[in-house]
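Read the structure below first, then the notes.
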Amino acid sequence: MRILIDTNVLISAALNPGGVPYQAYVKAVTYPNHGIICEQNVDEIKRVFNKKFPDKLSALDRFLATALMTLELVPMPTRERDLEVKVRDAADRPILRAAVEAGADILLTGDRDFLEAGIEHPSIVTPMTFISN
């Protein structure tokens with residue numbers, strides 16, 4: 001399965017290597033799964049760490065260095081999709097667009113704007129649901 005991992009999962013995984021988001025991240029990048037992130041994920045995670053966790057930038061650098069060896073980094077598509085309007089937060093829509101363009105089966109997130117959007121494909125699941133299946 002192709003799994004696009006949302007920024008909030010990546011941040012949680014980087015900050016807490018023993019937590020559920022980290023376990024979901026590991027499952028997403030482990031065969032037979034194939035983990036995907038998009039350019040916006042990388043930009044967002046760096047922005048959040050610079051603002052909220054400036055003392056943990058070295059941990060982020062280590063996490064990203066390792067993550068980018070196993071994850072596929074996909075570009076941000078510019079063509080909008082009709083499906084996107086189901087996502088309340090317009091800032092999240094490019095993530096969905098990247099998931100669709102990359103052929104993701106699952107969008108792994110804790111973001112309610114995605115979880116409550118009623119989108120069927122890609123499947124939108126929380127880290128807990130993902131590791132439980």
Side-chain angles (χ1 to χ4, degrees):
M1 290 188 143
R2 292 176 60 78
I3 299 134
L4 191 130
I5 306 168
D6 195 14
T7 308
N8 58 62
V9 176
L10 293 168
I11 290 170
S12 296
L15 290 172
N16 185 7
V20 169
Y22 183 79
Q23 293 172 38
Y25 160 78
V26 169
K27 182 177 177 181
V29 300
T30 303
Y31 183 82
N33 296 320
H34 181 80
I36 306 166
I37 59 171
C38 63
E39 294 164 343
Q40 182 167 323
N41 293 128
V42 176
D43 292 344
E44 281 181 342
I45 196 171
K46 287 179 179 178
R47 188 174 61 249
V48 168
F49 266 75
N50 277 314
K51 182 178 179 180
K52 294 184 177 183
F53 310 108
D55 57 322
K56 299 190 189 247
L57 287 171
S58 61
L60 172 63
D61 289 340
R62 285 190 303 276
F63 177 80
L64 282 177
T66 303
L68 291 173
M69 288 190 296
T70 57
L71 292 168
E72 177 184 351
L73 180 63
V74 298
M76 287 305 306
T78 55
R79 187 174 62 96
E80 293 183 12
R81 304 251 178 187
D82 294 339
L83 180 68
E84 292 178 35
V85 298
K86 292 184 174 187
V87 179
R88 283 186 302 252
D89 186 351
D92 288 333
R93 293 175 183 171
I95 301 287
L96 176 62
R97 187 181 316 148
V100 171
E101 284 288 320
D105 301 295
I106 293 174
L107 174 55
L108 183 61
T109 187
D111 189 324
R112 286 180 174 248
D113 289 323
F114 284 126
L115 295 166
E116 296 172 355
I119 295 168
E120 293 182 21
H121 190 76
S123 296
I124 300 175
V125 298
T126 65
M128 181 58 80
T129 300
F130 184 65
I131 64 171
S132 298
N133 292 330

- Query: So if you build clusters from Ile, Leu, Val, Met, Phe, Trp, Tyr with side-chain heavy-atom gaps below 4.5 Å, do I45 and V26 land together?
  - Reply: yes

- Item | hydrophobic_cluster_shared for L64 and I3, side chain cutoff 4.5 Å | yes

- Message: Between I124 and I106, is there shared hydrophobic-cluster membership here, with clusters defined by ILVMFWY side-chain heavy atoms closer than 4.5 Å?
- Response: no

- Does the side chain of L68 come within less than 4.5 Å of I37's, by heavy atoms? yes

- Message: Set out, in order, the CA-CA distance, both residues' side-chain angles and the distance that settles side chain to side chain contact (heavy atoms under 4.5 Å, CB included) for F114 and L107, then state yes or no.
- Response: CA-CA 9 Å; F114 284 126; L107 174 55; 3.7 Å; yes

- Would you say N41's side chain and C38's backbone share a donor-acceptor pair under 3.5 angstrom? yes

- Task: Please round to the nearest 0.5 Å and tell me the distance separating atom CD of E84 and atom CD1 of I95.
- Result: 11.0 Å

- Task: With rounding to the nearest 0.5 Å, note down the distance linking CD in E44 to CG in N8.
- Result: 9.0 Å

- Item | Any side-chain heavy-atom pair of I11 and K52 under 4.5 Å | no

- Message: Let me confirm one number: the CE-CD distance from M76 to Q40, rounded to the nearest 0.5 Å.
- Response: 4.5 Å

- Query: Does one hydrophobic cluster hold both F53 and L57, with members joined at side-chain heavy-atom distances below 4.5 Å?
  - Reply: yes

- Query: What closest approach, in Å, do G110 and P127 show between heavy atoms, and which atom pair accounts for it?
  - Reply: N-CD, 4.5 Å

- Query: Are the side chain of D105 and the backbone of M1 linked by a donor-acceptor contact shorter than 3.5 Å?
  - Reply: no

- Query: Can L115 be reached from L10 by stepping across I, L, V, M, F, W or Y side chains whose heavy atoms are under 4.5 Å apart?
  - Reply: no

- Message: Treating E101 as the side-chain partner and P75 as the backbone partner, does any N or O pair qualify as donor plus acceptor under 3.5 Å?
- Response: no

- So, the side chain of R2 versus the backbone of I36: is there a donor-acceptor pair under 3.5 Å, distance only? no

- Message: Are there over 12 heavy-atom neighbours, none belonging to M128, within less than 6.0 Å of that residue's CE?
- Response: no

- Message: Working to the nearest 0.5 angstrom, can you tell me the gap between D6 CG and S12 OG?
- Response: 10.0 Å

- Item | Atom pair CG/CD1 of L96 and I119 - distance to nearest 0.5 Å | 4.5 Å

- Message: Tell me whether D92 contacts the main-chain N or O of R88 through its side chain, where contact means a donor paired with an acceptor under 3.5 Å.
- Response: no

- Over all heavy atoms of both residues, which pair between P94 and A91 is shortest? Give the atoms and the distance, please. CD-O, 3.4 Å

- Task: Indicate yes or no: at least one non-hydrogen side-chain atom of T70 is less than 4.5 angstrom from one of Y25.
- Result: yes

- Partner of F130 by side chain to side chain contact (heavy atoms under 4.5 Å, CB included), out of T109, V20, N33: N33

- Hey, would you say the F63 and F49 ring centroids sit under 6.0 Å apart? no

- Task: Check L108 against A28 and note the closest heavy-atom contact, atom names and distance.
- Result: CD2-CB, 4.4 Å

- Between NZ of K46 and OG1 of T7, what distance do you get to the nearest 0.5 Å? 12.5 Å

